[in-house]
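All remarks here apply to the structure that follows.
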Amino acid sequence: MPADHPASGKAAGPPFFGALLRVTWEHVRDQLHRAIHDAGFTDLQEAHFPVFTYPVPDGVRPSELARQKRMSRQAMNYLIVQLEELGYVERRAPEGSDRRLIYLSTRGKQVVEMMLACIRQLHTEWAHEIGEQRFNDFVDVLQQLSALAQDEHAKAPNLSV
């Protein structure tokens, strides 16, 4: 057994888990991009993806959306303008307010549904590939780590936007 094998008690060498998560996420993004384009949403670019990731905008201020996606307000506003022109998002003011909030349009909701269908398909494929229980354990671990990361992010001083 190699010295850096996990069972040896020593830390594994590169690639480390961050790189493995990135490579896996890049594969997911590629699959999403292909599925969206195959469904006819050919005007969407990868740069637009942050707006469609969890949580999707549903009555959120542009500055809050930028904070959620860890982008500058200027960069987010640029994306919002593009997506509004393409018909994927809408800016609407709630009744009695002059402040416009961001909502997905019907077209934007269709993209989110397509993305969810793609993710469900990947879930099924990967669970089949590595085994349902192993994949469920993997998802459980990711949920735990995600919750920890969100707690840490909430406690950290706001250094962006």
Side-chain angles (χ1 to χ4, degrees), residues 1-8 10-58 60 64-72 74-89 102-154 156 159-161:
M1 174 177 341
D4 66 349
H5 189 274
S8 71
K10 295 184 180 181
F16 294 106
F17 69 91
L20 297 171
L21 286 170
R22 180 188 49 79
V23 168
T24 304
W25 173 235
E26 287 172 352
H27 176 74
V28 170
R29 284 179 66 110
D30 290 346
Q31 295 297 312
L32 290 169
H33 199 243
R34 185 174 302 118
I36 288 167
H37 278 226
D38 288 351
F41 300 103
T42 56
D43 51 358
L44 275 181
Q45 304 296 315
E46 268 197 65
H48 299 132
F49 275 24
V51 175
F52 296 97
T53 59
Y54 176 84
V56 296
D58 186 32
V60 66
E64 176 60 19
L65 187 59
R67 189 193 64 73
Q68 286 175 359
K69 308 308 178 177
R70 295 183 178 203
M71 297 176 70
S72 71
Q74 295 84 357
M76 180 54 70
N77 192 54
Y78 182 77
L79 291 179
I80 290 168
V81 168
Q82 286 183 336
L83 291 169
E84 196 171 28
E85 290 172 354
L86 294 170
Y88 292 103
V89 298
I102 306 301
Y103 296 88
L104 289 177
S105 66
T106 299
R107 185 170 162 89
K109 289 175 184 174
Q110 291 170 341
V111 169
V112 170
E113 284 304 313
M114 178 57 54
M115 292 173 85
L116 291 173
C118 180
I119 293 295
R120 287 183 192 105
Q121 179 63 36
L122 276 173
H123 180 113
T124 299
E125 290 172 11
W126 288 356
H128 177 75
E129 184 70 30
I130 67 170
E132 190 78 33
Q133 187 57 52
R134 283 185 74 209
F135 189 75
N136 289 340
D137 290 344
F138 168 70
V139 171
D140 286 345
V141 168
L142 285 177
Q143 287 172 337
Q144 290 175 20
L145 292 173
S146 177
L148 288 171
Q150 288 173 349
D151 288 347
E152 287 294 318
H153 181 67
L159 301 176
S160 64
V161 195

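Count residues from 1 along the sequence.
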- Message: For Q144 and D140: C-alpha separation, side-chain torsions, deciding distance, then whether side-chain hydrogen bond (donor to acceptor under 3.5 Å, both in side chains) applies.
- Response: CA-CA 6 Å; Q144 290 175 20; D140 286 345; over 6 Å; no
- Task: Just do the side chain to side chain contact (heavy atoms under 4.5 Å, CB included) check on V51 and K69 with the steps written out, would you?
- Result: CA-CA 8 Å; V51 175; K69 308 308 178 177; 5.9 Å; no
- Message: Show, in sequence, the C-alpha distance, side-chain angles and deciding distance for V28 and W126, and conclude whether the side chain to side chain contact (heavy atoms under 4.5 Å, CB included) test is met.
- Response: CA-CA 11 Å; V28 170; W126 288 356; 3.6 Å; yes
- Task: Report the C-alpha separation of V89 and Y103 in whole Å, then their side-chain angles, then the decisive distance to 0.1 Å, and conclude whether the side chain to side chain contact (heavy atoms under 4.5 Å, CB included) test is met.
- Result: CA-CA 6 Å; V89 298; Y103 296 88; over 6 Å; no
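Atom CZ of R134 has 12 or fewer heavy atoms from other residues, nucleotides or ligands within 6.0 Å.
Heavy atoms only, all atoms of each residue included: A66 and S72 are closest at CB-O, 3.8 Å. Of all heavy-atom pairs spanning P50 and T53, the tightest one is O-OG1, 2.9 Å. Between M71 and A75, the closest heavy-atom pair is CE-CB, 3.9 Å. The two atoms that bring P55 and Q68 nearest to each other are CG-OE1, 3.7 Å, heavy atoms only.
Within the 3.5 Å criterion, the main-chain N or O of L44 finds a donor-acceptor partner in the side chain of H37.
Using a 4.0 Å cut-off between charged nitrogen and carboxylate oxygen, E26 and R22 count as a salt-bridge pair. With salt bridges taken as basic N to acidic carboxylate O contacts below 4.0 Å, one links R67 and E64.
Inspection of the Y78 and Q82 side chains reveals an N or O donor paired with an N or O acceptor under 3.5 Å.
Considering CG of L65 and CD1 of I80, their distance stands at 5.0 Å, rounded to 0.5 Å. R107 CZ to S105 OG: the interatomic distance, rounded to the nearest 0.5 Å, is 7.5 Å. For the atom pair CZ (R120) and CG (L116), the distance works out to 5.0 Å, reported to the nearest 0.5 Å. In this structure, the separation between CG on D30 and CD on E46 is 6.0 Å, given to the nearest 0.5 Å. Distance check: K109 NZ to F52 CZ gives 12.0 Å after rounding to the nearest 0.5 Å. Separation of atoms CD (E152) and CG (L145) is listed at 12.0 Å; rounding is to 0.5 Å.
Between V111 and H48, the closest side-chain pair of non-hydrogen atoms is not below 4.5 Å. Between E125 and L122, some side-chain heavy-atom pair lies under the 4.5 Å cut-off.
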